[in-house]
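To start, the structure under review is shown below, and the notes come after it.
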Amino acid sequence: MSWITAIWSASAGACLVMALLHLHLWLRDRSSWANLCFATMVATVMGFIAFELISMRTESVEIYRQIMRWTPPLFAVGVIGTLGFVHFYFGTGRTWLLAGAIGLRALVLAVTPLAGLNLHVSSISTLASTTLLGERVSIPGEWAPSPWILLAQVAALAHLAYIVDATARLWRQGDAEARRRAIIVGGSLILFFVITPVYSVAVASGGLRLPFIVSLPFLVTLLAMSSELSGQMLRTISLGRALRARERELELAAESADLGFWTRNVANGQIHCSARWRRLLGFAADESIDLEAFMSRLHLDDRPGVDRALNESARGDGRYEMEYRVVRPDGQTRWIASVGRYEFDPAGRPLLLRGVSLDITERKQAALELQQRKDEVAHLSRVTTLGEISGSLAHELNQPLGAILSNAEAAELQLKRTPIDLEELRAILADIRRDDLRASEILTGIRDFLRRQPAEFGPVALPGLVRGVARLIGPDLASRHATLAIEIPDDLPEVNGDRVQLQQVMLNLVVNGLDAMAACPADRRRLTLRAAVASPETVTVSITDLGAGIPPERIGDLFEAFRTTKPGGLGLGLTICRSILEAHGGTISLENNAGPGATARLTLPVFR
Amino acid sequence: MTQEHDASPQPVVHLLDDDASMLRALSRLLTAAGYTVRAYASASEFLARTDHETRGCVITDLRMPEVDGLQMQSSLARAANPLPVIFLTGHGDVPTSVHAMRAGAEDFLTKPVQRPALLAAVERALARDAADAAVRRRHADLRSRWLTLTPREREVLQHILTGQLNKQIAADLGTTERTIKAHRGSIMAKMRVRSPAELGRVAHEAGLLGAS
């Protein structure tokens, strides 16, 4: 058996495998230029293997010459592949060094016709033979060395410089991964670019009676590099395994937490999702889902909100968070909470929205029930508060009723007279009409105040609300010889809240203030209600009395249920006030004044 | 009305309410019913009026800012010409009404009030005012008669009122029975009475017993 044939053929086979593998990798991922460069290098080596086999076996000088002639372009391809590989794989090379190296190689190619066959050998006249691995192989017999050999050495030196520099810079990055690459890949390339010129010079100078052999040292270099590359591939594979394990863990976690995953492609609106998410929204397993299909599942009232949230987060920081109701095809309504994050392209355009969803129906129902209880308690408290000032209300209502009755009776008397004073009758009717409207306004106010319905948040103008409170409490103020001063700036923004509940809080605090001043001399029974803008988002309301103040030991627990400083008080008023304020996203606090009395302070969110 | 009264032929019904509409309605009704009406938006406005000689009555709201109905009532009671007070309130609790009645209120009515009840109360109040005024006038008259007595005659009168005979009085005062008799005649003439029994009744009515 011929060793040369065996070794060179085996090498060619190895090269073919490597070339195909890396070409395949590049075709799979067109941005992995390092793989294409590597494939080029390997292909070049295959070319050299063929050249070397033919040149060793041939008896013809002419064939030998042809091969010599074709060596430089092939070598140039290999060099460019190598430099390209270093450039892409290390990412540390200097561009000007790279350009210089390629430029010199191009120069070598350009001057090759002047040099003769190539830059090492200018011409061959006969072939000789020598023994390699026990076989006779052809080598150049009589031949002339090229005077351009120095240029070949300079070009090789430039390649070496670029590779050494890139390797050194990679090494200096310092981490173990980079250093390993530097040693294995950089080191073997440097070795190759040191050995090959030395060997070529040795052969060309006639010092070594051997054929030009480039492929074997290059192949060794490539094998070293390939082991490094395949190491990376192995790592990728194990990463993939770890990723799949992580995915399974995540699925398990999602399953046990009832989370559904989804990703929406912004461009085409298509939604890819987990099976759990399909079940959450009531989609069939094979149904294709897009944004429109998703929207059609939402409760009608929630569609605009979700649409707005999606658009706002796409324009904003990309975070999306929403709670909405879904009406499934079977008619079931479920509450879903979704959290997601947009991914943007480098230009800042949203590419896709990735997120998770959770069924929160039970939690929502519990919250709704709790809110219902709170509304009921608040309602009861309103009934109680109104009961406390019922005398005031009766007075307020009997006033117009009394006036109406007296006016009607006066009119009856007028009608018995001759002549009838029509002017007077008209005035009477106008008064009756006005008083009737007044009575009905009071009744409407009371009915609204006592209406038993869930809190409805919306814009509330405080001046009107406070006027309503002042009207309800007005007669009480008179009979208690107290005054209520209202200081609200004209430009106070509307607050976000439930009108009835806010009225309840104000009324409660005003009644508290009046109670606190019951024992004061009449000229000190002054209550002041102030409202002011605290920040762009909040408004404060303070209700200040000049009464006895709060006993210091009680100031901490007045908001607790069933705590009261009033004899006969139930001790729920402030508790309910606080619960109402909290539901509004506001606060309530009580403090003693520097002077006499105490102040209740509220903060309320501005309506936006 | 054409009742004969001393200071003015027409009694005046004074109306007090801080509610303008209520004030106007009551004023219309009472005017149509034939009364002379004066309306005030507050108790202080009423207390500052100047026609103190006029007969009449007061209809007042209970709850009013500053001076309320009860405070007005007690101020009025201290005045020289205390008019009867009718309370007319939108909402009256029992303790307040008891307090008002004890303080001499003529009536305590609740709005809305029907005409017969209101007019009846006004009539009662005016009648009482007329009666009170008559009593006050007679008291003043008797008092002025009594003031015409000399100190000696007043002394003798005290003895007469205790039922002593002339002889006993003469002995007590260290004078003669004849002198006492002359005093008695002068007293009866000045007090414009015809018999000792009448003198006793008049003196009792005017509260002159023990006066000196």
Side-chain angles (χ1 to χ4, degrees), chain A residues 387-417 420-421 423-439 441-442 470-471 473-484 522-523 525-526, chain B residues 13 15-35 37 39 41-44 59-72 86-97 99-100 109-122:
Chain A
E388 279 171 25
I389 61 164
S390 64
S392 179
L393 290 175
H395 184 274
E396 186 71 348
L397 204 53
N398 282 333
Q399 209 67 13
L401 290 181
I404 288 170
L405 183 59
S406 297
N407 268 320
E409 287 171 338
E412 279 171 4
L413 292 179
Q414 281 289 335
L415 288 173
K416 287 181 192 155
R417 289 193 169 179
I420 294 171
D421 185 346
E423 272 311 303
E424 177 75 352
L425 274 182
R426 269 191 208 103
I428 288 174
L429 286 176
D431 272 6
I432 286 178
R433 188 195 180 86
R434 199 165 40 241
D435 280 320
D436 187 282
L437 288 176
R438 192 171 126 203
E441 249 176 55
I442 295 163
R471 161 179 246 154
I473 199 74
D476 236 42
L477 288 171
S479 69
R480 292 173 187 235
H481 301 285
T483 59
L484 172 64
D523 62 341
R525 289 182 208 150
R526 291 198 306 272
Chain B
V13 179
L15 281 176
L16 279 77
D17 203 313
D18 59 320
D19 185 316
S21 178
M22 190 72 213
L23 199 58
R24 214 158 46 237
L26 284 174
S27 171
R28 275 188 194 120
L29 175 60
L30 291 170
T31 307
Y35 293 99
V37 177
S42 73
S44 31
I59 301 176
T60 180
D61 191 7
L62 192 59
R63 297 182 176 191
M64 290 181 291
E66 298 164 42
V67 184
D68 71 11
L70 291 174
Q71 288 168 322
M72 187 281 299
I86 299 167
F87 283 98
L88 183 56
T89 175
H91 174 81
D93 51 46
V94 174
T96 315
S97 58
H99 181 270
L109 302 174
T110 307
K111 292 174 199 167
V113 63
Q114 305 233 16
R115 183 173 50 154
L118 179 67
L119 295 188
V122 170

Identify which part of [X] has an atom lying under 4.5 Å from any heavy atom of chain B, answering side chain, backbone, both or neither.
X	value
A:Ala427	both
A:Glu396	neither
A:Leu401	both
A:Ile432	neither

Notebook entry, point to check: Are B:Leu118 and B:Leu109 side-chain neighbours, meaning at least one heavy-atom pair lies under 4.5 Å?
Noted result: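 Side-chain contact under 4.5 Å: yes.
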
Check: Taking C-beta and beyond as the side chain, do A:Leu477 and A:Thr483 meet within less than 4.5 Å on heavy atoms?
Finding: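 They are not in contact (no side-chain heavy atoms under 4.5 Å apart), so the answer is no.
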
Next item on the list: Could you tell me which portion of B:Met22 (side chain, backbone, both or neither) has an atom closer than 4.5 angstrom to a non-hydrogen atom of chain A?
Entry: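 Interface part for B:Met22: both.
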
Margin query: Under 4.5 Å from any heavy atom of chain A, what part of B:Thr96 do you find: side chain, backbone, both or neither?
Written below: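 When you check distances to chain A, no heavy atom of B:Thr96 falls under 4.5 Å.
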
Check: Looking only at side chains, do A:Gln399 and B:Asp17 share a donor and an acceptor under 3.5 Å apart?
Finding: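 Present: a donor and an acceptor within the cut-off.
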
Item checked: Residues A:Asp431 and B:Ser21: side-chain donor-acceptor under 3.5 angstrom ->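 Looking only at side-chain atoms, B:Ser21 and A:Asp431 do not form any donor-acceptor pair under 3.5 Å.
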
Checklist line | Nearest-0.5 Å distance that lies between atom CD in A:Glu441 and atom CZ in A:Arg438 | finding: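 It comes to 9.5 Å.
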
Check: Roughly how far, to the nearest 0.5 Å, is the OG atom of A:Ser406 from the CZ atom of B:Arg28?
Finding: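 If I round to the nearest 0.5 Å, the distance is 10.5 Å.
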
Notebook entry, point to check: What option among A:Ala411, A:Ala482, A:Ala522, A:Gly402 has the most heavy-atom pairs under 4.5 Å with chain B?
Noted result: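 The option with the most such pairs is A:Gly402.
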
Notebook entry, point to check: Among A:Glu424, A:Gln414, A:Arg434, who wins on heavy-atom pairs under 4.5 Å with chain B?
Noted result: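 Highest number of heavy-atom pairs under 4.5 Å: A:Glu424.
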
Next item on the list: Using a cut-off of under 4.5 Å on heavy-atom pairs, state which of B:Gln114, B:Arg24, B:Arg63 scores highest against chain A.
Entry: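 The candidate making the most pairs under 4.5 Å is B:Arg63.
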
Margin query: Tell me which of these, B:Leu70, B:Leu23, B:Asp61, B:Leu30, has more heavy-atom pairs under 4.5 Å with chain A than the rest.
Written below: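 Heavy-atom pairs under 4.5 Å are most numerous for B:Asp61.
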
Notebook entry, point to check: Between A:Asn407 and A:Ala403, is there a donor-acceptor pair closer than 3.5 Å when you use the side chain of the first and the backbone of the second?
Noted result: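 Yes: the side chain of A:Asn407 pairs with the backbone of A:Ala403.
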
